[in-house]
Each structure stands twice: as C-alpha cells, then as structure tokens.
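In what follows, a single structure is set out as structure tokens and then discussed.
What you are looking at is a predicted structure, and each value in this text was computed from that prediction instead of being measured.
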Amino acid sequence: MKEVKHYICEICNTEYNDKGACKRCEESHKKTAKIVKSHYISVTQNQKGYPQKIDVEFEDGEVLTYKRG
C-alpha cells in the first residue's frame with residue numbers, strides 16, 4: 001500500500017503535490033477588503049432588487065467593478 005499526500009489551496013481548491021507550490025497559490029490570490037459602491041437600477045427594470053454592478057476594493061487598494069451576467 002502507498003500513502004499519497006497532496007495539498008489543496010483553500011481559496012481556489014486546486015490540488016498540488018508540492019506544499020510550496022500550494023502555498024504560493026494561496027498567497028497569490030487577492031483578498032477582498034470591502035464593497036466600495038453598489039450600482040442599482042429602478043424597480044421597473046429589475047424587480048429582484050440586486051445590484052447591476054459593484055465596485056470592490058481589495059487589500060492592496062485596487063478597486064475593480066464586477067457586473068451581473
């Protein structure tokens with residue numbers, strides 16, 4: 001019987017055989033700090049009430065906009 005050991009990135013769930021590679025993967029992911037702004041449209045255009053897009057600030061200060069598909 002052989003014992004198999006591997007590592008899984010806790011952020012993206014990618015599996016690695018090498019612990020160092022897995023650690024680098026985890027450290028490479030940008031963490032969100034907060035939602036800076038939510039952009040909504042009127043209830044006549046979107047009855048569900050969810051935002052059409054949000055501006056997200058990451059821990060490094062970068063702000064990116066995410067839009068609904």
Please check this pair: side chain of [X] against backbone of [Y], looking for a donor-acceptor N/O pair closer than 3.5 Å.
{"X": "D18", "Y": "C22", "value": "no"}
{"X": "E15", "Y": "Y7", "value": "no"}
{"X": "Q47", "Y": "V43", "value": "yes"}

What's the separation between atom [atom1] in [X] and atom [atom2] in [Y], rounded to the nearest 0.5 Å?
{"X": "T32", "Y": "Y66", "atom1": "OG1", "atom2": "OH", "result": "8.5 Å"}
{"X": "H39", "Y": "R68", "atom1": "NE2", "atom2": "CZ", "result": "14.0 Å"}
{"X": "K30", "Y": "E59", "atom1": "NZ", "atom2": "CD", "result": "7.5 Å"}
{"X": "K5", "Y": "N17", "atom1": "NZ", "atom2": "CG", "result": "12.0 Å"}

**Asked** What pairs with T65 under side-chain hydrogen bond (donor to acceptor under 3.5 Å, both in side chains), at least two apart in sequence or on another chain?
**Response**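 With neighbours one apart ignored, the set is D55.
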
**Item:** Residue pair S38 / K53, side-chain heavy-atom distance below 4.5 Å
**Value:**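 No. Closest side-chain heavy atoms not under 4.5 Å.
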
**Student check: side-chain heavy atoms of K31 and I11 closer than 4.5 Å** =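 The answer is yes; the side chains approach within 4.5 Å.
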
**For K19, all residues meeting salt bridge (Lys or Arg N to Asp or Glu O under 4.0 Å), sequence neighbours excluded** =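 K19 satisfies salt bridge (Lys or Arg N to Asp or Glu O under 4.0 Å) with no residue once adjacent residues are dropped.
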
**Asked** When clusters are formed by joining ILVMFWY residues with side-chain heavy atoms under 4.5 Å apart, either directly or through shared neighbours, do F58 and I35 land in the same one?
**Response**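 Yes, because F58 and I35 connect within a single hydrophobic cluster, where side-chain heavy atoms sit under 4.5 Å apart.
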
**Message:** As a quick check of understanding, evaluate side chain to side chain contact (heavy atoms under 4.5 Å, CB included) for I54 and K37, giving each step before the final call.
**Reply:** CA-CA 6 Å; I54 57 173; K37 184 173 182 175; over 6 Å; no

**Request:** Grab the two heavy atoms, one from C25 and one from S28, that are nearest each other, plus how far apart they are.
**Result:**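 Residues C25 and S28, closest heavy atoms: O-OG, 2.7 Å.
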
**Request:** Carefully, step by step, assess Y16 and I8 under the rule side chain to side chain contact (heavy atoms under 4.5 Å, CB included).
**Result:** CA-CA 6 Å; Y16 293 91; I8 300 174; over 6 Å; no

**Message:** Pair E26, E10 - check side chain to side chain contact (heavy atoms under 4.5 Å, CB included), show working.
**Reply:** CA-CA 7 Å; E26 286 186 338; E10 291 189 41; 3.5 Å; yes

**Message:** With side chain to side chain contact (heavy atoms under 4.5 Å, CB included) as the criterion, how do V56 and L64 come out once you've worked through the C-alpha distance, each side chain's angles and the decisive distance to 0.1 Å?
**Reply:** CA-CA 5 Å; V56 179; L64 297 176; 5.6 Å; no

